[in-house]
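A quick write-up on the structure given underneath.
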Amino acid sequence: RDATTRPPEPMPAPVPAPAPASEPQAASAPAPTVAAPPEPPQSPFVASLRKFAGTQAAIFVVGQISDAPAVGATISADLVQAGWLPQTWTWGGVAGIYGVVVLVRDDSDAAVHDAAAALVAALGTAGFSATKGDWPANWGRFRGTLNGPQTPSPTDAAIRIVVGEKARRTP
């Protein structure tokens, strides 16, 4: 009967154990300042493409190729670091595309062609099988289907990067 009418005893608050002292410090010594870690150096890929920052690129990842999404994501991430504006679409219903093909819209200016040539060179240096090619038809038309962002349109960018089979060179 006494157990049911008495309120429970309050539990004492746990006392944290003192942390072991690694080295005694003088009480008047200022706290050490922690410098921000230095930024890692840019990869050669990123450094070589930085001068083309602001360039739009549409990345078409061939959907039936198992490693194409990972390759496309790697290329996109590196382009973002270089200041480019890539967008990625999965391209279904197409086949027979090998390597990474960089395409330029017919009416593009010299700066776009320079950016595309630099991209092909950077991709080659980074271990990709990259070539520059021509889009065989009207830039606004393509076979198959594209899944990706609605805006910008996949036809807006003057550079297309198509990621197909065997995009990475094998040693």
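All residue numbers in this chain count up from 1 along the given sequence.
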* **Contact check, side chains of V100 and S129, non-hydrogen atoms, under 4.5 Å** =>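 In short, these two side chains do not touch, never coming nearer than 4.5 Å.
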* State, with a plain yes or no, whether a side-chain heavy atom of I161 is found less than 4.5 Å away from one of L119. =>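 The answer is yes, as the side chains (C-beta and beyond) meet within the 4.5 Å cut-off.
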Looking at residues at least two apart in the chain, or sitting in another chain, which of them share a side-chain contact (heavy atoms from CB on, under 4.5 Å) with [X]?
X	answer
V120	V102, A130, K132
P44	none
D109	A111, V112
P154	F60, W89, L146

* Can you check whether A121's main-chain N or O pairs, donor with acceptor, with T125's side chain at less than 3.5 Å? ->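 Side chain of T125 to backbone of A121: a pair is present.
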* **Donor-acceptor under 3.5 Å (R168 side chain, G99 main chain)** =>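 Answer holds: no.
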* Which residues share a side chain to side chain donor-acceptor pair (under 3.5 Å) with T74, sequence neighbours left out ->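 Partners of T74 by the side chain to side chain donor-acceptor pair (under 3.5 Å) criterion come out as none, since no residue qualifies.
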* Asked: Does T145 have any side chain to side chain donor-acceptor pair (under 3.5 Å) partners at least two apart in sequence or in another chain, and if so, which?
  ->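 By the side chain to side chain donor-acceptor pair (under 3.5 Å) rule, T145 matches no residue at all.
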* Asked: Does any pair with a residue in residues 146-158 pass side-chain hydrogen bond (donor to acceptor under 3.5 Å, both in side chains), and if so which ones, sequence neighbours excluded?
  ->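 Qualifying pairs: S153-T155.
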* **side-chain hydrogen bond (donor to acceptor under 3.5 Å, both in side chains) contacts in which one or both residues fall within residues 90-99, not counting sequence neighbours** =>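 Not a single pair qualifies under side-chain hydrogen bond (donor to acceptor under 3.5 Å, both in side chains).
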* What residues, two or more places apart in sequence or in another chain, satisfy ring-ring contact (aromatic ring centres under 6.0 Å, His included) together with W139? ->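 So W139 forms a ring-ring contact (aromatic ring centres under 6.0 Å, His included) with W135.
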How far apart are the closest heavy atoms of [X] and [Y], and which atoms are they?
X	Y	result
A122	S48	CB-OG, 3.5 Å
F52	A118	CE1-CB, 3.4 Å
S108	A158	OG-CB, 3.5 Å
G54	L85	O-CD1, 3.6 Å

Cluster question for you: counting only ILVMFWY and a side-chain heavy-atom cut-off of under 4.5 Å, with indirect links fine, are [X] and [Y] together?
X	Y	result
V162	I159	no
V163	W84	yes
V104	I59	yes

Identify every side-chain donor-acceptor pair in residues 61-73 under 3.5 Å, counting partners at least two apart or on other chains, and give the distances.
residue: Q64; atom: NE2; partner: V94; partner atom: O; Å: 3.4

* Going by the ring pair (Phe, Tyr, Trp, His ring centres under 6.0 Å) test, which pairs reach into residues 111-131, not counting sequence neighbours? ->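 Output for this query is empty, none listed.
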* Partners of D107 by salt bridge (Lys or Arg N to Asp or Glu O under 4.0 Å), sequence neighbours excluded? ->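 Residues passing salt bridge (Lys or Arg N to Asp or Glu O under 4.0 Å) with D107: R105.
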